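Along the sequence shown, residues carry numbers from 1. Predicted, not measured: the structure shown is a model, and the values here were computed from it.
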Amino acid sequence: MTDQPNTPPVQPGTSAAGGTAQNTGADRLTPRPLDRPSVDPQQAAVFGRPRGVDGAFDKLYTPPPAGNGQPLNLAPPPPESLAEAFSRPPGAENVLLQRPAEATLDPEAPEDPLWSDKSDPWRDPGAGAVLSDPAVAQEDEKAASPDLPPGARLSLPEVLFGRRVQPKALALLGVVALLIGAAGGLVGWWVADTGSSLTGSATISEAEAAKERPPGSLADIAKRVSPAVVSLEVVKPGADSGEQGSGVVIDPQGYILTNEHVVSTAVSDQNAKITAIFNDGTRTEAKVVGADQKTDLAVVKVNVTNPVVMQIGKSSDLQVGDSVIAVGSPLALQNSITAGIVSALDRPVTAGGDNGASPVTYSAIQTDAAINHGNSGGALVDSTGALVGINSAIRSSGQDGGSIGIGFAIPSDYAIKIAKALIKDGKVAHADIGINAASTVAGSTTMGAQVRNVSPNGPAANAGIKEGDVITKVGDHVVRNSAELTVAVRGHDPGQVVPVQLARDGAVLVVDVTLGSD
């Protein structure tokens with residue numbers, strides 16, 4: 001160290017140059033009083049220093065130094081699982097992570113780096129990010145493994161067949177393949193050469209347009225009403241064949257309305273068996289409830305659960321030209337549907353009279369819907385699917401008796417009235433006027449039903465009707481022939497008083513007739 005000269009300290013009031021400074025009190029300012037505003041006690045309690053602390057916030061408690069006899073608060077021992085996982089292995093309790101004790105270090109000598117390659121970015125944090133050689137040097141495979149002689153190469157037969165094949169066999173196989181290919185080509189050429197020029201493949205375009213079946217269409221009506229129409233088969237015991245017709249389910253209890261001539265065999269022979277066949281193929285036995293030959297209507301009953309019932313419409317609401325559908329089993333073809341229109345209303349029809357039976361006369365609905373044998377007893381429905389008639393007869397020409405577009409159905413209003421009477425009593429009472437009549441001959445001045453016979457004490461005799469009179473009107477019904485007279489009389493109830501208009505000796509008379517019962 002170098003010696004420094006002794007310099008006297010500077011005394012107050014003197015300068016370093018040795019001059020005397022003027023010490024006047026005017027250069028010094030007294031401290032200004034501190035402005036301490038009043039402190040709110042509540043804020044002081046919240047934001048003030050804790051009790052016993054006058055200065056800055058320090059630790060309120062300082063542990064005493066070691067050695068004063070007080071124990072130290074040490075951390076709790078680690079869990080056994082962690083101690084076992086991270087503790088030193090057995091025998092290395094005194095080993096420290098440091099250099100060996102025998103290693104001597106020269107503090108003046110630089111320490112060797114932990115790596116030698118300065119270009120390795122993974123070992124030298126200050127090196128650039130460059131690609132380098134692998135961390136472990138690879139051994140030379142060629143130097144490590146000795147040179148081996150090349151193996152035997154496979155021939156073509158061995159590659160193709162997996163075993164050694166003689167060249168002759170391989171050549172023969174090739175010849176056989178060529179012969180087979182040539183034969184196939186010759187056959188194809190012959191077929192193409194001998195085929196007709198009109199035959200060949202065709203590309204056909206198939207339409208997949210959806211069918212339009214809106215509610216109320218024919219398809220919709222047929223789907224709804226077909227389950228309520230059944231096919232009826234009547235067979236005598238021991239007979240190979242029998243009669244066949246149709247019927248309409250009109251009541252949930254199993255009552256089926258049909259024509260009397262369909263079940264006439266079962267009516268006359270109690271041993272005859274009636275089978276009802278439903279739309280789904282179900283077959284069940286039917287029993288006759290009642291039959292009325294004069295109106296050609298009958299009711300049979302089947303024992304079924306929850307059958308599909310036909311909705312009953314009003315035939316009186318029909319008009320000529322309305323669309324109708326006939327449903328039945330013509331010629332034993334079950335569940336057949338034909339469509340047409342109403343050709344006429346209140347058409348007097350006389351049918352039957354075969355095998356000694358009395359002819360049947362009724363006022364019918366005429367339709368051009370195709371009706372054939374087997375449709376009898378089936379349904380005639382309107383455009384809503386409601387029952388408006390029971391198909392009963394057809395007008396045909398020739399011996400085949402096929403449909404020519406003129407069919408007749410009993411109106412539903414009259415048919416349901418007869419059916420209710422048959423279900424209730426098993427029989428029907430008809431109004432009777434007590435006369436026999438015939439249609440007036442051609443050329444007569446008056447058209448009507450001419451009275452031939454008058455029953456003594458009958459309704460007509462009591463009203464004063466005589467033989468030879470020509471009846472032209474019964475109630476509101478105009479009478480043009482004997483069939484219309486029968487229809488007009490049966491349109492009323494027994495005991496009802498009906499005005500009857502007749503012609504006698506050129507004069508027109510009206511008499512009141514109290515109808516009787518047959």
Side-chain angles (χ1 to χ4, degrees), residues 226-251 253-304 307 310 326-336 349-362 371-379 390-394 396 399-403 407-410 415 418-419 421-428:
S226 293
V229 180
V230 300
S231 179
L232 297 176
E233 295 180 353
V234 184
V235 181
K236 286 184 177 181
D240 296 335
S241 61
E243 298 176 354
Q244 187 268 338
S246 304
V248 182
V249 182
I250 60 173
D251 187 85
Q253 301 180 37
Y255 291 106
I256 298 175
L257 179 60
T258 184
N259 285 139
E260 188 275 339
H261 71 265
V262 174
V263 295
S264 59
T265 301
V267 173
S268 59
D269 188 355
Q270 296 183 355
N271 295 324
K273 182 180 180 181
I274 304 176
T275 303
I277 307 173
F278 285 82
N279 186 37
D280 59 356
T282 303
R283 301 173 65 93
T284 183
E285 185 178 359
K287 298 292 184 181
V288 177
V289 176
D292 182 38
Q293 190 271 335
K294 292 183 178 180
T295 58
D296 194 21
L297 291 172
V299 175
V300 298
K301 189 175 186 298
V302 294
N303 186 16
V304 295
M310 179 70 69
V327 187
S329 303
L331 306 178
L333 301 175
Q334 299 178 5
N335 306 318
S336 295
V349 175
T350 300
D354 300 334
N355 301 325
S358 301
V360 179
T361 302
Y362 53 87
I371 297 177
N372 291 278
H373 297 290
N375 274 117
S376 296
I390 299 296
N391 301 321
S392 299
I394 60 174
S396 61
Q399 298 180 354
D400 56 352
S403 174
F408 303 100
I410 302 174
I418 300 300
L422 292 175
I423 293 174
K424 180 180 179 181
D425 302 325
K427 59 182 180 179
V428 180

Problem - Criterion side-chain contact (heavy atoms from CB on, under 4.5 Å) against V234, the qualifying member of T275, T265, D269 - result: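 With V234 as partner, side-chain contact (heavy atoms from CB on, under 4.5 Å) holds for just one option, T265.
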
Practice task
Considering non-hydrogen atoms only, spot the tightest contact between V267 and A291 and give its length.
Solution key: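 What the structure gives for the nearest pair is CG2-CB, 3.8 Å.
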
Problem - Approximate separation, where rounding is to 0.5 Å, of N372 CG and L331 CG - result: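 Result: 5.0 Å between the selected atoms.
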
Exercise for the section: Would you give the length of the straight line joining atom CD1 of I371 to atom OG of S376, rounded to the nearest 0.5 angstrom? Expected result: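 Those atoms lie 8.5 Å apart.
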
Practice task
Kindly give the heavy-atom pair with the smallest separation between A379 and M310, and that separation in Å.
Solution key: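 Taking every non-hydrogen atom into account, CB-CE, 3.9 Å.
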
Problem - Test side-chain contact (heavy atoms from CB on, under 4.5 Å) applied to L297 and E260, step by step - result: CA-CA 5 Å; L297 291 172; E260 188 275 339; 5.8 Å; no

Problem - Qualifying residue for side-chain contact (heavy atoms from CB on, under 4.5 Å) with V299, from I418, V289, V263 - result: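 For V299, the side-chain contact (heavy atoms from CB on, under 4.5 Å) check succeeds only for V289.
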
Handout entry: Shortest non-hydrogen contact between G245 and V262, atoms and distance
Key =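 Nearest pair, atom of G245 first, then V262: CA-CG1, 3.8 Å.
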
Practice task
Look only at the side chain of S329 and the backbone of S231, and say whether a donor-acceptor pair between them is shorter than 3.5 Å.
Solution key: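 No, S329 side chain to S231 backbone: no donor-acceptor pair under 3.5 Å.
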
Exercise for the section: Looking only at non-hydrogen atoms, find the nearest pair between I390 and G377 and report the distance. Expected result: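 Taking every non-hydrogen atom into account, CG2-CA, 3.8 Å.
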
Distance-only check: which donor-acceptor pairs under 3.5 Å involve side-chain atoms of residues 280-288, not counting sequence neighbours?
unit_1: D280; atom_1: OD1; unit_2: T282; atom_2: N; d: 3.1
unit_1: D280; atom_1: OD1; unit_2: T282; atom_2: OG1; d: 2.9
unit_1: D280; atom_1: OD2; unit_2: T282; atom_2: OG1; d: 3.2
unit_1: R283; atom_1: NH2; unit_2: E233; atom_2: OE1; d: 3.2
unit_1: E285; atom_1: OE2; unit_2: K287; atom_2: NZ; d: 3.1

Exercise for the section: Quick one: list whatever passes side-chain hydrogen bond (donor to acceptor under 3.5 Å, both in side chains) with N271, sequence neighbours left out. Expected result: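 For N271, no residue satisfies side-chain hydrogen bond (donor to acceptor under 3.5 Å, both in side chains) once neighbours in sequence are set aside.
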
Handout entry: Worked check of side-chain hydrogen bond (donor to acceptor under 3.5 Å, both in side chains) between N391 and N375
Key = CA-CA 6 Å; N391 301 321; N375 274 117; over 6 Å; no

Problem - Student check: side-chain heavy atoms of V230 and V249 closer than 4.5 Å - result: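 V230 reaches V249 side chain to side chain.
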
Problem - Which residues share a side-chain hydrogen bond (donor to acceptor under 3.5 Å, both in side chains) with T295, sequence neighbours left out - result: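 In terms of side-chain hydrogen bond (donor to acceptor under 3.5 Å, both in side chains), with neighbours along the sequence ignored, T295 is linked to D292.
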
Problem - N303 atom CG, neighbour heavy-atom count above 12 within 6.0 Å - result: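 Result for CG/N303: open.
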
Practice task
Starting at CG of L422, measure out to CG of L257 and round the result to the nearest 0.5 Å.
Solution key: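 If we round to the nearest 0.5 Å, L422:CG and L257:CG are 8.5 Å apart.
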
Exercise for the section: Give the minimum heavy-atom separation between I256 and A276, together with the two atoms involved. Expected result: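 Heavy atoms of I256 and A276 come nearest at CD1-CB, 4.5 Å.
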
Exercise for the section: Any chance you could lay out the side-chain contact (heavy atoms from CB on, under 4.5 Å) test for L232 and Q244, step after step, and finish with the verdict? Expected result: CA-CA 6 Å; L232 297 176; Q244 187 268 338; over 6 Å; no

Practice task
Give a yes or no on this: more than 12 heavy atoms of other residues, nucleotides or ligands lie within 6.0 Å of atom NZ of K273.
Solution key: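 For K273, atom NZ is not crowded (no more than 12 foreign heavy atoms under 6.0 Å).
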
Problem - Value rounded to 0.5 Å, distance of OG in S392 from CD1 in I410 - result: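 Answer for the OG-CD1 pair, S392 versus I410, is 3.5 Å.
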
Problem - Which atom of P227 lies closest to which atom of F278, heavy atoms considered - result: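 Looks like O-CD2, 4.3 Å.
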
Practice task
Evaluate the side-chain contact (heavy atoms from CB on, under 4.5 Å) criterion for residues S264 and E243: first the C-alpha distance (whole Å), next the side-chain angles of each, then the deciding distance (0.1 Å), finally the verdict.
Solution key: CA-CA 9 Å; S264 59; E243 298 176 354; 3.9 Å; yes

Exercise for the section: Check the pair Y362, V349 against side-chain contact (heavy atoms from CB on, under 4.5 Å), reporting the backbone distance first and the verdict last. Expected result: CA-CA 6 Å; Y362 53 87; V349 175; 4.3 Å; yes

Exercise for the section: Return yes if some donor-acceptor pair links the side-chain N/O of N259 with the main-chain N/O of D296 below 3.5 Å, else return no. Expected result: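 Checked: pair present.
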
